[in-house]
Structure formats: C-alpha cells, structure tokens
Amino acid sequence: MRAFADLLDRLIYTRSRNAKLALIGTYLRDTPDPDRGWAISALTGDLDLPAVKSATIRALITERTDPVLFAMSRDFVGDTAETVALLWPEPPPGTIHDADPLTLDTVVSRLASLSRSDAPRALADMLDRLESDERYALLKLATGALRVGVSARLAKTALAQAFGLDVDAVEEVWHGLAPPYAELFAWAEGRGEQPHAADLPVFRSFMLAHPLDDGVVELADYAAEWKWDGIRVQLVHVGAETRLYSRAGDDITAAFPEVAAAFRTPGVLDGELLVRGDGQGASVHADAGAASFNALQQRLGRKIVSKAMLADYPAFVRLYDILFDGAEDLRDQPWTARRARLETFVPRLDPTVFDLSRLIDAADFDALADIRSGARDAAIEGVMLKRRDSPYVAGRRVGLWYKWKRDPLVADCVMMYAQRGSGKRSSFYSDYTFGCWTGDPAEGGELLPVGKAYSGFTDAELKDLDRFVRQHTVQRFGPVREVEKTLVLEVAFDSIHASKRHKSGVAMRFPRINRIRTDKPAAEADHVATLLKLVS
C-alpha cells in the first residue's frame with residue numbers, strides 16, 4: 001500500500017499533465033504484478049469493491065471518535081476518506097511496519113471476497129495496520145472515488161508511454177481483459193503476445209471534435225449535421241453478443257435493454273442515444289422525434305429498468321457513423337465512404353429503434369450559420385462539421401471534426417445556498433444554488449431554486465464568492481450554507497426544460513456562472529415566468 005499511497009499523494013498535488021503521466025508510468029514500471037494491475041484498474045474506474053460503502057466507513061469512525069467531532073471535521077475537510085484517515089486512532093506500536101505489510105493485491109483480494117456484513121471488521125483491521133496516507137489510499141480504493149485528477153484515458157496513455165505502446169492499441173483490447181491485466185503487462189514488457197479481441201464485443205475509442213468557436217471552414221470540404229442533445233454511444237455486435245458503451249467506455253447495456261435487443265446485425269456503430277419525444281409533454285423537432293435531455297435523464301444510471309420506464313421513455317439511437325460492417329474495419333476509409341456504407345446498413349435495422357442522422361443542406365457557411373442560429377429545439381445542441389475525407393481516428397485531431405454549439409442562454413439569478421467542493425476545492429464554497437423570483441419581491445414574490453453551478457468562474461472569482469458566502473451566511477444545514485439573498489449571478493445554460501421534480505418547474509442544462517453581477521440589485525433578477533418562456 002505504501003507505493004500506491006505515495007502515488008496518489010503526488011498525483012493530488014501535481015497539476016501538469018506530463019508530470020502525472022511520468023508519475024504513473026514510473027509506478028507501473030517499478031511495481032510488480034498484480035499490484036500495478038489493481039492500481040491501473042482503480043485509476044481507470046474499473047475496480048469494483050461493492051462490499052464497502054460510505055455508510056460503512058462513517059459507522060466505523062463514529063465508533064472510534066466523537067460523532068460531533070467527525071461531522072464538524074468532515075464539513076471542514078470536505079472529503080470523508082481524508083477526514084477518516086486523519087481521525088482514525090493510531091495503531092499500537094509495532095503493528096504498522098510488521099513482517100507482513102499490506103500489499104495492494106492483499107487488500108483488493110480480501111475486500112473483493114467479503115460480504116457486506118463481514119466488510120466492516122476486515123476494513124477496520126486493515127486501517128489499524130496503516131499510516132494516515134495509506135488509510136486515505138485504502139478508503140479511496142474501497143469506495144472507487146479516487147478523484148486525483150486522472151481520467152481513464154490519461155491513465156491508459158501513461159501505461160502506453162511507459163512501455164512504448166500505442167495508446168489506441170491499448171484501448172482496443174482494454175475491455176476484453178480483466179483486472180489485474182496480467183496479459184496486458186506481459187505484452188507491454190515483451191513477455192507475451194499482443195492480446196486480441198476480434199471475437200469479443202469490446203469498446204473502440206470514439207472520434208471526437210474540436211470546438212469551432214469563431215472559426216470558419218470551407219463548407220465544400222465539410223459535411224454538416226445536427227449535434228443532438230443525448231449521450232454518445234457505441235453499439236457493438238460481435239460473436240452473437242451486443243454491448244452499448246458510453247463515450248467514457250462504460251458498459252450501459254443493462255440500462256437500455258430494448259436497444260441492445262434490437263441490434264443483432266454484426267458491426268460497430270457510432271450514434272446518439274435519445275428518448276422519443278411523443279410523451280411526457282416533451283417538445284419535438286419537426287423531423288427529429290427526440291425529446292430533451294431532461295427526458296433521457298430518467299433512464300440514465302439505472303441498473304433495473306421497469307416496464308413503465310420503458311413505455312414512458314422509449315430510447316432510440318440516431319446513427320452518425322460506422323466503424324465495422326460485420327468483420328470489415330472501415331475506420332481508415334474517408335467519411336464519405338463510411339457514410340455511404342452507413343446508409344446501406346441502417347435499412348437492415350429496426351426503424352423504431354434506429355434512424356440515420358440527416359445532413360444539413362446549406363449553400364455556404366453563412367447559410368449554415370443562419371440555420372444554426374434558428375435551432376432552439378430541446379433536442380438540438382448545435383451543429384457538427386465533419387471533413388469529408390477524414391478517417392475515423394481516436395481522440396481529437398485538429399481539422400477533421402468540429403462541434404459548433406448554439407449560443408448559450410443567460411439569466412440573472414440570485415445566490416441562495418452554497419456548499420464546499422471536493423478535492424482541491426474542499427476548502428472553498430464553490431457549489432452554488434441560485435434562484436429566480438416568482439413575482440415582484442416588493443409584492444410578495446419569493447425566490448425558488450432554478451439550478452446549481454460549480455464552474456465558469458476564475459480562481460480569483462472563486463475566492464470572492466467564497467468570501468461572500470462566509471460573510472453572509474444566515475443559516476447552516478449540515479454542509480450547506482444559506483446566504484443573504486443579495487448577490488446576483490448571471491448564469492449561462494444550453495437549454496431549459498420543464499421539470500416536475502423541481503418546485504420552480506424548470507431544469508437548466510449545463511448551467512455555469514457567466515458573470516458576477518455586483519452591479520445589479522437582487523430585486524431586479526429574472527422571474528421564473530421568464531425562464532418558462534424559454535422552455536424548449
């Protein structure tokens with residue numbers, strides 16, 4: 001555990017991407033199997049230890065220290081694992097550096113074999129044998145919440161660079177292997193053959209787009225299509241098995257069983273997962289049939305999908321691209337050739353579950369800009385521009401694909417509540433709930449929450465906002481602070497939707513702080529009625 005704890009500690013305090021790559025790479029080269037395999041699975045989010053829950057950890061620490069002290073410390077620190085690691089009673093002399101130190105393999109193997117009833121005692125025994133930074137690493141490992149500024153892609157890139165491999169080749173076989181990845185490290189060190197996944201429904205890295213921002217492209221070289229507001233998915237059918245993967249490579253097949261059941265044609269497709277807009281009062285684009293992202297959210301993250309959910313929020317996929325037609329790999333072919341193959345592939349699929357993303361017919365770039373500016377449908381996020389001769393390559397390559405999002409909407413809102421962030425923001429009140437008026441405040445109008453944001457501001461602005469919260473707190477609700485309703489925040493958001501879950505009746509999509517309006521009185525902030533007029 002010592003080496004893994006040191007790695008996490010250094011990653012937390014390292015901002016440079018290249019420095020993080022070097023730290024992970026050095027650890028993977030210097031650490032033996034299977035510890036390094038468990039470490040990389042933890043860094044990529046592929047390690048699942050279901051026996052340990054946050055409630056288990058809280059129960060253990062409140063048995064060993066004053067619950068009030070723990071609650072106050074947790075509120076200040078902002079992270080349960082860090083608080084418990086610091087408050088945990090120091091073990092008796094001689095129990096930390098004993099003849100049988102805890103290895104990562106020992107910890108993972110033990111926790112993976114436990115029932116929830118046995119987990120507390122075993123976890124406590126391990127914590128008694130570790131120093132505070134090792135306890136922190138253990139708790140983060142057990143709960144699967146590392147949050148050390150390392151994405152799955154960065155961890156895989158570090159592994160590839162450390163052993164001179166191609167990161168896309170690593171990504172290609174990743175989902176066909178299981179932790180602790182003995183075959184992967186054997187290949188990396190030249191002790192074994194490269195793993196292959198030809199007969200497995202594995203994930204392939206998505207091709208991604210750069211923001212167009214204020215640039216202009218020659219439309220003759222690019223095809224334009226709508227950027228739909230769902231979640232990007234990859235559909236894979238190989239060896240009589242079907243899998244759905246999210247953009248991050250997560251297997252989401254169980255959450256959308258009707259889509260998986262309908263895809264039985266060998267191949268790999270790229271598309272947007274959406275929900276039909278013919279129910280729940282969702283607005284629909286004239287030829288789209290798609291509801292807003294708010295409707296899709298009802299389906300996301302569910303391990304069990306009820307019949308009522310399937311009926312109320314029927315999912316479908318709008319197809320963008322084709323990577324494999326049967327066993328034939330099409331990724332090296334230009335977009336025009338892949339589009340032609342996709343157009344012949346789609347008619348073989350169930351039209352109630354799959355359709356083809358249509359291209360936008362525009363004479364030139366200015367005409368496309370006019371079309372984009374008029375797109376305010378709930379299911380449209382903007383426009384995609386794809387170079388006609390572009391192969392399908394993993395990651396973002398300059399000049400090939402661009403995303404041109406529609407201009408955000410803005411509203412003046414009043415800060416109502418604040419909560420500390422996590423990680424490097426754990427000492428700052430950085431998560432803000434804001435509201436709009438139900439009517440004129442001089443005539444009895446009240447503020448109702450309309451959203452929550454924790455991005456869009458600079459580090460200097462964060463300090464100003466944190467100072468405001470501390471100096472204007474009127475009530476405390478655990479970690480939440482209610483503040484005086486005097487600070488106006490200009491909030492930008494991509495779209496807004498009707499919501500029965502919120503008292504205000506609206507839910508914002510991607511809200512972020514656009515400006516801090518110290519010049520504007522809170523009474524002049526926007527009304528909920530104004531937001532309702534923007535509902536798409």
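Fair warning: this is a prediction, and the values are worked out from it, not measured in the lab.
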Do Asp79 and Arg420 sit within salt-bridge range, that is, some charged N less than 4.0 Å from a carboxylate O?
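Here Asp79 does not pair with Arg420 in a salt bridge, since their nearest N and O are not under 4.0 Å apart.
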Please give me the minimum heavy-atom distance between [X] and [Y], naming the atom from each residue.
| X | Y | result |
| --- | --- | --- |
| Ser495 | Leu409 | CA-CD1, 4.2 Å |
| Leu146 | Tyr136 | O-OH, 4.4 Å |
| Arg318 | Asp355 | NH2-OD2, 2.8 Å |
| Ala119 | Val52 | CB-CG2, 4.4 Å |
| Glu225 | Ile360 | C-CD1, 3.7 Å |
| Trp228 | Glu381 | O-OE1, 4.0 Å |

Side-chain touch [X]/[Y], heavy atoms, less than 4.5 angstrom:
| X | Y | answer |
| --- | --- | --- |
| Asp526 | Trp437 | no |
| Met508 | Leu531 | yes |
| Leu487 | Leu465 | yes |

Checking the side chain of Trp226 only, and the main-chain atoms of Leu359 only, is there a donor and an acceptor separated by less than 3.5 Å?
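No; zero donor-acceptor contacts below 3.5 Å.
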Would you list the atom pairs, donor with acceptor, under 3.5 Å between side chains in residues 252-261 and any protein atom, with sequence neighbours excluded?
{"residue": "Thr253", "atom": "OG1", "partner": "Leu244", "partner atom": "N", "Å": "2.9"}
{"residue": "Thr253", "atom": "OG1", "partner": "Asp251", "partner atom": "OD1", "Å": "2.5"}
{"residue": "Glu258", "atom": "OE1", "partner": "Arg299", "partner atom": "NH2", "Å": "3.0"}
{"residue": "Glu258", "atom": "OE2", "partner": "Arg299", "partner atom": "NH1", "Å": "2.9"}
{"residue": "Glu258", "atom": "OE2", "partner": "Arg299", "partner atom": "NH2", "Å": "3.2"}
{"residue": "Glu258", "atom": "OE2", "partner": "Ala315", "partner atom": "N", "Å": "3.3"}

For [X], enumerate each residue passing the ring-ring contact (aromatic ring centres under 6.0 Å, His included) test, keeping only those at least two apart in sequence or located in another chain.
| X | result |
| --- | --- |
| Phe510 | none |
| His472 | Phe468 |
| Tyr429 | none |
| Trp88 | none |

With sequence neighbours left out, which residue pairs that include part of residues 148-157 fulfil the salt bridge (charged side-chain N to carboxylate O under 4.0 Å, His left out) condition?
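Only Arg153-Asp168, Arg153-Glu171, Lys156-Glu171 qualify under salt bridge (charged side-chain N to carboxylate O under 4.0 Å, His left out).
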Name all pairs fulfilling the salt bridge (charged side-chain N to carboxylate O under 4.0 Å, His left out) condition that reach into residues 450-464, sequence neighbours left out, sorted by first residue then second.
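Every pair satisfying salt bridge (charged side-chain N to carboxylate O under 4.0 Å, His left out) with a residue in residues 450-464: Asp464-Arg467.
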Go through the structure and list residues passing side-chain contact (heavy atoms from CB on, under 4.5 Å) with [X], not counting sequence neighbours.
| X | result |
| --- | --- |
| Pro211 | Asp213, Lys403 |
| Arg15 | Lys424 |
| Ser455 | Arg512 |
| Leu208 | Phe206, Arg232, Arg247, Arg396 |

Contacts under 3.5 angstrom, residues 60-71 side chains, donor-acceptor by atom type, not counting sequence neighbours:
{"residue": "Thr62", "atom": "OG1", "partner": "Arg58", "partner atom": "O", "Å": "2.9"}
{"residue": "Thr62", "atom": "OG1", "partner": "Ala59", "partner atom": "O", "Å": "3.0"}
{"residue": "Arg64", "atom": "NH1", "partner": "Leu60", "partner atom": "O", "Å": "3.0"}
{"residue": "Asp66", "atom": "OD1", "partner": "Val68", "partner atom": "N", "Å": "2.9"}

Over 12 foreign heavy atoms within 6.0 Å of CG, Asp361:
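Open.
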Assess the side chains of [X] and [Y]: does a donor N or O sit below 3.5 Å from an acceptor N or O?
| X | Y | result |
| --- | --- | --- |
| His497 | Ser499 | no |
| Gln234 | Asp270 | no |
| Glu446 | Thr438 | no |

